[in-house]
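One structure is given here, and the rest of the page talks about it.
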Amino acid sequence: MKMRDLYKKYVTETFDENGVLSNLEFNVPDNFNFGYDVIDVIGQNEPNRRAIVWVNPEGEEHIFTYGDLMRESNRAANMLIAHGVKKGDIVMSVLKRHYQFWFLLIALCKIGAVIVPATNQLMKKDYTYRFNAADVSYIVATGDGDTASHVEQALEEYDGIKEKFIVRGHGNKGWTNFDAEMAKYPDTLERIENNTDDNMLLYFTSGTTGYPKMVMHNHYYSLAHIVTAKYWHNLDSESLHLTISESGWAKCMWGKMYGQFLCAASIFVYDFDRFHSSDILQKIQDYKVTSFCAPPTMYRMFIKEGVGSFDLSNLKRTSIAGEALNPEVFNRWYELTGLKVMEGYGQTETVLAIGNICGMNPKPGSTGKPVPLFDTKIVDDDGNEVAYGVHGELVLTPKTEKKIGIFKEYYKNPEETAYAWRGGVYHTGDLAYKDEDGYLCYVGRKDDVIKSSGYRIGPFEIESVLMEHPAVLEVAVTGVSDPIRGQVVKATIVLTKAYRDKGDEILVKELQEHVKRQTAPYKYPRVIEFVDELPKTISGKIRRVAIRERDNGTK
């Protein structure tokens with residue numbers, strides 16, 4: 001078997017008459033392990049096949065092959081085992097986009113330990129909460145910035161960490177240098193057996209309300225991402241794919257790990273601190289990136305940067321996730337590059353669940369169609385499927401007994417797990433509607449829907465219309481209490497630089513009329529507030545709940 005077809009050992013594909021993927025069947029052994037059964041198999045059969053192209057703003061460059069990943073993950077595993085890490089241990093990583101992240105993740109997978117990726121934006125209280133919630137035993141962190149200091153402050157209130165490893169850190173008291181220590185160990189490893197249903201990966205959700213929940217995935221999760229990489233990112237063994245996300249977010253697993261390596265493809269990693277549109281576009285040009293994925297915000301920045309001045313001729317596929325895509329961004333990007341932005345939808349709890357996969361023609365404003373991993377429905381509050389065009393909650397039922405493609409549980413939280421799976425289906429908490437062609441359109445989080453004069457209004461549609469106006473840089477639409485209508489629509493807006501000093505009643509009226517011309521008049525924002533910035537989660541998602549709490553005087 002050629003390594004480009006390695007995934008076919010575990011996955012059988014079926015296509016419809018138009019060549020679009022219609023079904024996936026899985027044949028997964030009870031002891032499947034991504035480290036041994038994917039990375040090492042490719043590393044043994046094609047050791048010189050390129051796996052990672054890593055660069056940083058200082059001009060440093062490393063090319064890692066699948067053979068390198070096999071050997072370096074073995075070294076890391078041997079080192080960690082020698083320091084006491086064992087199957088089932090919870091290990092946190094805070095490694096930005098450092099290439100050591102890939103060595104660590106694969107090593108922990110081989111050991112059977114559970115990795116908890118985290119962003120370097122966390123502060124003391126964030127670490128304290130996560131350490132206690134997950135019972136973290138080890139941590140591997142970047143030596144850049146204040147990360148080590150924040151960890152040490154948290155450890156004044158948590159005594160469960162057995163050892164701290166640091167990357168790019170020299171002379172940090174009490175920390176073991178990851179690279180120097182790893183170099184002492186052999187690059188071969190005898191297979192450590194596991195069960196495919198064993199815990200493998202834990203993420204803290206970046207929810208917009210309450211404390212983050214702990215999403216636990218087993219080893220089936222890695223295989224399910226074949227639909228993300230092959231059929232959404234459109235990758236093959238010759239692809240070089242760039243997903244912007246740093247290693248602390250679930251999107252890293254979507255775009256920089258499992259599905260991409262299942263395709264025997266290569267990933268491009270740019271280890272930057274601050275996002276600059278021109279830097280990313282230059283890297284896409286210079287390294288001949290073939291597939292790219294980022295949130296819509298970054299596409300808007302690329303458009304403003306002047307994407308036409310860069311040679312993106314090697315780029316064959318562009319996609320977005322993380323937020324719903326405004327049609328104006330889709331249309332403008334297509335006009336400038338000739339590429340359609342293929343939207344996709346999923347959660348920390350899932351792989352790609354809805355998307356514009358290979359062979360489909362995307363509809364601007366639509367998230368796409370359900371992927372064949374799930375039976376997908378839109379239901380009302382009683383669980384009944386709603387008609388075309390009617391808003392309802394998106395619920396998913398995995399097609400396999402092993403629930404391949406969806407999370408195992410909310411770790412140490414059986415009540416939340418049971419609630420999410422009430423009625424035997426997974427409730428996403430997201431509202432959408434389906435058109436008569438079967439395309440799904442995202443409306444918003446269930447808690448974000450505005451109920452005004454008997455109408456149910458999703459914030460995303462109004463935000464999309466407002467984003468078309470040149471005055472609007474960012475916007476969040478929420479509901480505010482009204483004695484007559486129950487709620488009215490409010491838009492909280494960050495103005496573009498050109499309009500920063502023009503936030504007056506004249507602009508308010510102009511924006512209201514703009515919305516009335518583009519959508520049903522009852523949806524227009526009766527209240528508009530101009531602000532310097534919007535409240536956001538640590539992952540950059542707008543916290544509409546914070547705006548609602550402020551407006552209601554509850555916080």
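When reading the values below, keep in mind they use all heavy atoms of this one structure, side chains included, and skip hydrogens, waters and symmetry mates.
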Assess the pair [X] and [Y]: is the distance between their ring centroids shorter than 6.0 Å?
X      : Y      : result
Phe292 : Phe302 : yes
Tyr10  : Phe26  : no
Tyr442 : Tyr433 : no

Discussion item. Below 30° counts as parallel, above 60° as perpendicular, anything between as tilted: where do the rings of Tyr410 and Phe407 land?
Written reply: tilted
Fill in: Mutual orientation of the aromatic rings belonging to Phe165 and His83 [parallel < 30°, tilted 30-60°, perpendicular > 60°]
perpendicular
Item to complete: Examine the side chains of Gln44 and Asp40 and answer whether a donor and an acceptor come within less than 3.5 Å of each other.
Response: no
Worksheet item: Cut-off 3.5 Å, side chains only: do Tyr99 and Glu60 have a donor facing an acceptor?
Response: no
Discussion item. Could you tell me if the side chain of Tyr7 sits less than 4.5 Å from the side chain of Phe261, heavy atoms only?
Written reply: no
Item to complete: For residues Lys110 and Ile192, determine if any side-chain heavy atom of one lies less than 4.5 Å from a side-chain heavy atom of the other.
Response: no
[atom1] of [X] to [atom2] of [Y]: how many Å apart, nearest 0.5 Å?
X      : Y      : atom1 : atom2 : result
Lys402 : Thr196 : NZ    : OG1   : 8.0 Å
Thr119 : Leu95  : OG1   : CG    : 11.0 Å
Cys358 : Leu21  : SG    : CG    : 9.0 Å

Worksheet item: For Leu69, which of Val38, Ile52, Asn74, Ile42 qualifies under side-chain contact (heavy atoms from CB on, under 4.5 Å)?
Response: Ile52
